[in-house]
Amino acid sequence: MDQMDSEQRFRPRHEADLDPSLLFLPASDPQVEKKHGLSRRRKVFVGVALLLTAVALSLLTGLLVWHLHLRDGTKVTKVYVGSMTISNQNFLLQYEDPTSAEFIQLSELVSTQLKVIYSENSVLDKYFTHCSVQTFSDGGTDVMAFYQSEFDAPLSQQQSVDDALRSVENSLTPSQTQRGQMGRLMRPSTDIRVYRLMSAAVDPRLSRTSLHDRKSFDVHVSHADQLASPGFPDSSYPPGVLLQWRLRADPFHRVRLDFGSLVLEDDCEQDFIRLYDSLVPSERHLLTERCGSAQKSLSFLSSGNVMLLVLLTSEDRNFPGFIANYSQTPLLDSDCGGTLTADRANFSSPFFPSFYPPAVSCVWNIQVSEGKLVKVEFHRFSVGIRSELCPNDYVEVDGQRLCGDSLKNSTIISKSNAVTIRFTSDTSFVHQGFIAEYRTLVSTQPHLLQLCSEFSFLCGDGVCVRKDNPQCDGHVDCEDGTDEEHCECGVRPYLSSKIVGGQDSREGEWPWQVSLVVRGMGHVCGASVLSDQWLLTAAHCVQDSAGIRFSQADQWEALLGMHMQGHTDKWTVRRGVRRIVAHPRYNAVTFQHDIAVMELDANVTLNQRVWPICLPTSANHERPGTHAWISGWGSTKEGGFRASVLQKATVQIINSTQCSKLMSDDVTDHMMCAGTLQGGVDACQGDSGGPLSVTGSGGRFFQVGVVSWGDGCGRKNKAGVYTRVSKYRRWIKEQSGV
Ligand code: ARG
């Protein structure tokens with residue numbers, strides 16, 4: 001019941017609902033006496049009724065108390081499943097056949113042993129009713145018995161049964177060091193030695209009484225094969241069934257289960273699969289519960305050589321089900337962890353991208369040369385459940401625990417040249433894990449490591465270089481050389497030979513300049529070449545307007561290596577557009593985030609007229625006063641015609657505070673201004689999306705802006721406004737890989 005509901009239900013009757021004549025008739029009214037006579041009789045009647053109600057109520061209360069008391073005393077059967085490790089037996093194949101004499105004999109020994117163990121504890125002794133062995137597995141040097149025990153205890157005593165079981169089991173489970181000598185030979189003397197006992201409650205849904213069918217399948221996974229829900233994929237799974245697949249690998253191996261397809265009902269209360277790190281459905285070993293359909297392939301591993309897959313279905317709404325590949329993989333110490341000494345390496349949770357197995361503990365010791373620091377970056381992270389103390393599964397970096405589905409800060413820098421990373425998973429609920437990379441940093445300028453200003457260059461090894469535009473200037477400034485990597489851009493390979501206030505450019509002068517054409521409309525916007533597959537343009541060029549679907553890739557064509565509109569030659573490349581990604585936060589009112597990337601429908605071969613422009617990684621290039629270039633086929637005067645030959649002009653970068661004063665609309669720090677204060681030189685309609693570029697000290701061109709907006713074109717005391725590309729370097733990389 002929701003709150004509104006309860007409020008309505010208990011709101012007192014409104015006064016207007018009462019009969020006003022009963023309350024307000026004057027006493028002198030002759031009618032009143034008659035009414036009083038009537039009401040006296042009514043009073044007696046009401047009194048008797050009240051008395052009877054009170055008696056009934058107290059009876060009811062008594063009954064309730066009695067009932068509650070009785071309920072408290074009513075015994076309820078609680079079912080536990082568990083495993084017992086038997087150290088002095090060798091596994092026989094017959095132990096997997098419940099009808100064999102060997103199975104029956106060993107089961108009896110296990111049951112006897114359990115009874116003895118329970119009888120030594122007063123609580124368990126009092127409530128224990130029944131136990132049975134479900135199955136056995138080969139533990140290599142031990143035999144594992146999986147059993148079910150039942151206790152009939154009053155509700156009030158259920159917790160004490162839980163506690164008693166836990167304490168008995170703890171006393172029987174030795175520490176790793178004791179294991180060699182331990183093993184308790186129980187009274188009365190039998191042939192089995194038990195050294196580990198572990199039990200847990202069973203999900204009550206698995207004991208649904210309405211089930212038509214319960215079946216178990218024994219599967220040996222040493223020969224990889226497939227298993228599927230009944231009828232998959234031709235018909236849906238049967239209603240009202242509990243199916244269990246007991247998966248066994250060879251000793252010292254893990255079971256691996258990879259789901260190819262998983263389509264169940266969305267409501268987990270109805271149909272679900274569960275995966276256990278055991279051969280019985282013990283809640284303490286539940287790895288995952290799934291319902292609905294899986295978006296990506298799911299893959300799981302056990303901690304030991306057994307796994308249980310359970311499918312439970314309800315009466316209605318049945319779905320195709322699942323198919324999964326099973327196999328085994330050796331249990332190795334080297335599954336994770338180790339000592340890492342290289343300057344750079346990747347490491348991950350075991351079996352990533354499969355879900356990590358339960359009960360793993362990995363330690364990586366990263367030790368790099370003296371004087372260096374270690375920068376660890378997590379690329380993917382899903383470890384346990386997000387919580388402050390990370391009590392279950394976690395990654396620990398130099399004592400700092402990390403858990404959850406994502407990290408606030410995925411980069412951690414060490415305080416010395418050694419870092420210890422631990423990864424721990426508990427016995428239940430597994431997740432996909434993590435993949436991480438580490439690199440070394442030079443620790444001479446530790447204060448700069450996370451604080452590279454926007455006017456310095458961040459090298460791949462995390463060091464900041466404080467030099468104007470070190471990127472692609474022909475000098476190696478970073479120790480790791482990353483400032484001179486990816487420099488096949490910004491040059492005019494074989495230069496042979498309007499913008500308002502500009503002039504004709506020479507052929508091949510701006511090999512990154514692109515004309516974006518809408519089919520049936522001709523040139524609409526400019527763009528620039530980033531690679532043989534990606535272009536950069538303005539988001540406002542690719543917004544639907546006036547019934548034209550500018551946002552759709554199939555509306556566009558890109559002309560690369562063109563000089564004069566309408567004229568193509570052997571260097572000109574024409575491509576369709578496969579995909580347009582406009583910045584998701586582009587705002588059509590403020591022109592904030594006016595940037596987009598376009599993927600061509602086929603790669604182009606770079607040539608002397610088609611060449612990428614460099615992208616700046618820091619704001620170095622944008623210093624006010626810097627001379628910059630604009631190019632395009634836009635109007636050569638405000639309201640004028642488009643240029644036929646590609647125009648070029650130089651403008652100056654204008655300080656943002658000054659620019660904000662000039663412009664009537666807001667200029668944000670994600671925009672930048674360029675122009676000439678006397679006016680007359682500017683970008684204009686049709687230049688949008690094109691580049692504003694500057695030259696670095698090595699002579700390469702860097703695109704610092706994207707033509708975005710202005711007040712008219714070339715007006716005095718106005719400026720052209722451009723999207724500040726350095727603010728979007730990461731976004732461009734994420735979208736295009738460039
Ligand atoms: N929005 C225009 C276009 O779509 C470009 C405006 C540039 N204006 C300027 N004065 N800088 O082509």
Side-chain angles (χ1 to χ4, degrees), residues 498-502 513-518 521-528 535-546 548 550-551 555-556 558-559 565 580 582-583 586-596 598 622 627-644 646-654 656 658-660 662-668 670-693 703-725:
K498 249 180 191 177
I499 296 268
V500 176
Q513 179 71 50
V514 178
S515 169
L516 289 179
V517 166
V518 167
M521 275 181 87
H523 172 92
V524 171
C525 268
S528 55
L535 308 180
L536 185 65
T537 188
H540 82 257
C541 292
V542 291
Q543 304 298 313
D544 292 343
S545 85
I548 304 169
F550 290 108
S551 65
Q555 300 298 299
W556 293 92
L559 286 155
Q565 285 288 337
I580 302 174
H583 196 285
Y586 165 69
N587 183 321
V589 177
T590 61
F591 271 47
Q592 181 81 307
H593 311 300
D594 189 10
I595 194 162
M598 269 187 183
E622 304 156 10
H627 284 276
W629 290 97
I630 46 177
S631 50
W633 288 276
S635 308
T636 49
K637 64 174 195 209
E638 194 176 322
F641 292 109
R642 303 273 155 95
S644 147
L646 180 61
Q647 299 293 296
K648 63 174 179 184
T650 56
V651 284
Q652 253 183 314
I653 309 278
I654 299 171
S656 295
Q658 193 184 353
C659 185
S660 295
L662 299 177
M663 305 305 286
S664 44
D665 293 296
D666 260 2
V667 177
T668 68
H670 280 54
M671 302 173 185
M672 60 192 291
C673 300
T676 54
L677 287 187
Q678 8 5 328
V681 186
D682 196 5
C684 200
Q685 257 42 56
D687 291 322
S688 275
L692 169 76
S693 55
Q703 179 170 355
V704 293
V706 177
V707 179
S708 179
W709 59 276
D711 274 357
C713 304
R715 295 185 188 172
K716 203 172 169 218
N717 287 327
K718 291 286 172 195
V721 185
Y722 300 79
T723 313
R724 195 182 280 270
V725 174

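Every number for a ligand or one of its atoms is a count from 1 in the order of the listing. Owing to the predicted nature of the structure, the values given are computational and were not obtained by experimental measurement.
- In this structure, G689 has no heavy atom closer than 4.0 Å to ligand 1.
- Ligand 1 has at least one atom lying under 4.0 Å from a heavy atom of H540.
- Between W709 and F591, the ring planes are perpendicular. Angles over 60° get that label, and only those under 30° would be called parallel.
- Residue contact check: D687 has heavy atoms under 4.0 Å from atoms 12 (O) of ligand 1.
- No part of C525 comes within 4.0 Å of ligand 1, judged by heavy-atom distances.
- Set against the non-hydrogen atoms of G720, the atoms of ligand 1 under 4.0 Å away are 11 (N).
- Using a non-hydrogen distance threshold of 4.0 Å, C541 does not register as a contact of ligand 1.
- Annotation: the span from S688 atom OG to Y722 atom OH amounts to 9.5 Å, rounded to 0.5 Å.
- Listed for the Q555 side chain is no donor-acceptor partner under 3.5 Å among the backbone atoms of S551.
- Of the N or O atoms in G712, one or more lie within a sub-3.5 Å distance of an N or O in ligand 1.
- A side-chain donor-acceptor contact under 3.5 Å links T537 to the backbone of G526.
- Closest heavy-atom approach to atom 9 (C) of ligand 1 among the candidates G690, C713, A683: A683.
- When side chains are defined from C-beta on, M521 counts as touching I548, because their heavy atoms get closer than 4.5 Å.
- Between G686 and ligand 1, a contact under 3.5 Å exists for at least one N or O pair.
- Residue contacts with ligand 1: C684 is included, with a non-hydrogen atom under 4.0 Å away.
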Evaluate H627 against T650 for side chain to side chain donor-acceptor pair (under 3.5 Å), listing each step before the verdict.
CA-CA 7 Å; H627 284 276; T650 56; 5.0 Å; no
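- Protein heavy atom in closest approach to atom 3 (C) of ligand 1: S688 OG, 2.3 Å.
- Near D682, with a cut-off below 4.0 Å to any heavy atom, the atoms of ligand 1 are 9 (C), 10 (N), 11 (N).
- Listed for the D594 side chain is a donor-acceptor partner under 3.5 Å among the backbone atoms of H540.
- Using a 4.5 Å heavy-atom threshold, the side chains of V725 and L692 count as separate.
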